[in-house]
Amino acid sequence: MTIGNAIRVALVFLILSGTAAASAAVEERRPSPASRGVDLVYAVYIGGIHTVDLNIRLTLGADRYKVELSSRIDGLVRYLLPWSLRVRSKGRVAGERLVPESVHTESSWRGKRRWRTLEYKDGRPVVVSVEPKRKTPPIPAEHLLGSVDLATAILTVARAVPSERSCSLRVPVFDGRRRFDAVIEAHGEDELPRSSRSAYSGKADVCDLAIEILHGRRKKTDYGGLAGGEKTMTFWFARLFDGVYPLPVRVQLDTDLGAVIGHLTSARMEGAGQSRVYTLPR
């Protein structure tokens, strides 16, 4: 794996873990009309080197959610990895269903911007803006119906963690180019030890994520190697706040350059009275 592929792996990790965290923070009980804010920070390590920080801001209302995600690179690493990432996603809760409305993903590498905006109409995703423009094989409309963005897919997983179903699910996803199934399997409970890199230690539910491409180009490097069908990404979910579904506290994807690992380094919730604040141990 080249350093360029490693960067793409990190980008994939950021999107997956970030949207997982953002999406998971929806109330278990019926939320109050007042919105609340959740701030999360993850540190991403590639081969043991602290590479990227991921910042997430959530706004959670009674029947809607909004996610704002951005990456931050400090120190000398920013000269080796001159890229950035922003994700904005929003949707509504309709009973037991999660209905995405729009998602915008934008990244930059050496000043070259890439973006993709999807809007959802009559249950189908529509690409309204994309750069660079690429020719992609058409996907049958019936295969797009009911598909969701990746954030909503991981939210579906997070909502299932505390239930009897656990996190064993298959969720239809369309990312703007490919239609695939996110296949999640439960692997029981784990105990995360105290660590100077993590704000959380204790019990966590473990779930593996794999990707099965149904339509669109399939490359082994896509989604950090997950699209090749030979790798899985592991999530550790833990309940951090009362009234909120379990959040990812650790995410790991093994690559040729070593493990890409994300640790939760900070978590704070506002607008819901007294709430615990998670920070790195001193």
Side-chain angles (χ1 to χ4, degrees), residues 7-8 10-27 31 35-44 52-73 83-94 97-109 111-121 123-134 144 147-159 171-178 180 182 223-224 244-245 247-248 251 262 264 266-271:
I7 295 170
R8 284 192 288 272
L11 176 61
V12 169
F13 169 84
L14 288 172
I15 294 174
L16 290 174
S17 63
T19 55
S23 302
V26 175
E27 291 181 275
S35 63
R36 62 175 58 178
V38 178
D39 291 291
L40 304 166
V41 180
Y42 291 83
V44 180
V52 181
D53 285 326
L54 175 66
N55 297 270
I56 302 168
R57 174 66 179 178
L58 316 177
T59 304
L60 309 174
D63 56 2
R64 306 186 64 81
Y65 63 91
K66 181 180 179 182
V67 179
E68 297 170 281
L69 177 154
S70 64
S71 64
R72 186 181 74 241
I73 303 177
W83 66 269
S84 63
L85 169 70
R86 290 192 303 149
V87 177
R88 297 193 305 272
S89 179
K90 65 179 181 179
R92 59 188 176 89
V93 180
R97 296 179 58 240
L98 303 174
V99 183
E101 294 180 337
S102 67
V103 59
H104 176 79
T105 302
E106 181 176 327
S107 63
S108 175
W109 171 248
K112 185 176 181 179
R113 294 174 60 227
R114 298 172 177 265
W115 69 83
R116 184 177 296 113
T117 302
L118 276 67
E119 294 182 355
Y120 292 79
K121 303 177 181 178
R124 291 187 178 90
V126 177
V127 179
V128 296
S129 179
V130 63
E131 181 65 35
K133 296 178 174 62
R134 296 176 180 174
L144 291 176
S147 64
V148 300
D149 63 286
L150 193 55
T152 302
I154 301 298
L155 167 55
T156 302
V157 178
R159 287 164 62 97
V171 186
V173 180
F174 178 65
D175 68 358
R177 289 189 296 160
R178 288 156 294 199
F180 59 86
Y223 281 98
V244 176
Y245 280 108
L247 293 162
V251 187
L264 178 71
S266 176
R268 179 189 304 268
M269 185 168 67
E270 301 172 351

Task: From D39 atom CG to M269 atom CE, the distance as rounded to the nearest 0.5 Å - done: 11.5 Å
- [ ] To the nearest 0.5 Å, tell me how far S71 OG sits from R86 CZ.
- [x] 10.0 Å
Task: Derivation of the side chain to side chain contact (heavy atoms under 4.5 Å, CB included) call for L40 and L247 - done: CA-CA 10 Å; L40 304 166; L247 293 162; 4.2 Å; yes
Task: Heavy-atom donor-acceptor pair, S266 side chain to V41 backbone, under 3.5 Å - done: no
- [ ] Quick one: pull up OG1 in T105 and CG in L85 and give me the separation to the nearest 0.5 Å.
- [x] 7.0 Å
Open item on the list: Check this for me: R57, atom CZ, are more than 12 non-hydrogen atoms of other residues, nucleotides or ligands nearer than 6.0 Å?
Closed with: yes
- [ ] Check the pair V171 / V148 against side chain to side chain contact (heavy atoms under 4.5 Å, CB included), numbers first and verdict last.
- [x] CA-CA 8 Å; V171 186; V148 300; 4.0 Å; yes
TODO: Specify the closest pair of heavy atoms between P100 and Y120, including all atoms of both residues, with the distance to one decimal.
DONE: O-CB, 3.3 Å
TODO: Mind checking the CZ-NZ spacing from R64 to K90? Nearest 0.5 Å is all I need.
DONE: 6.5 Å
- [ ] Hey, could you give me the CD1/CD distance between I56 and E68, rounded to the nearest 0.5 Å?
- [x] 11.5 Å
- [ ] Of all the heavy-atom pairs spanning L118 and R116, show the shortest one and how long it is.
- [x] CD1-CG, 3.4 Å
Please set out all donor-acceptor pairs under 3.5 angstrom arising from side-chain atoms of residues 124-133, sequence neighbours excluded.
unit_1	atom_1	unit_2	atom_2	d
R124	NE	A141	O	3.2
S129	OG	W115	NE1	2.8

Task: Donor-acceptor pair, side chain of Y42 and main chain of V251, under 3.5 angstrom - done: no
Task: Criterion side chain to side chain contact (heavy atoms under 4.5 Å, CB included) on R92 and D63, from CA distance to verdict - done: CA-CA 6 Å; R92 59 188 176 89; D63 56 2; 5.6 Å; no
Task: Nearest-0.5 Å distance that lies between atom CG in D149 and atom CD in E119 - done: 12.5 Å
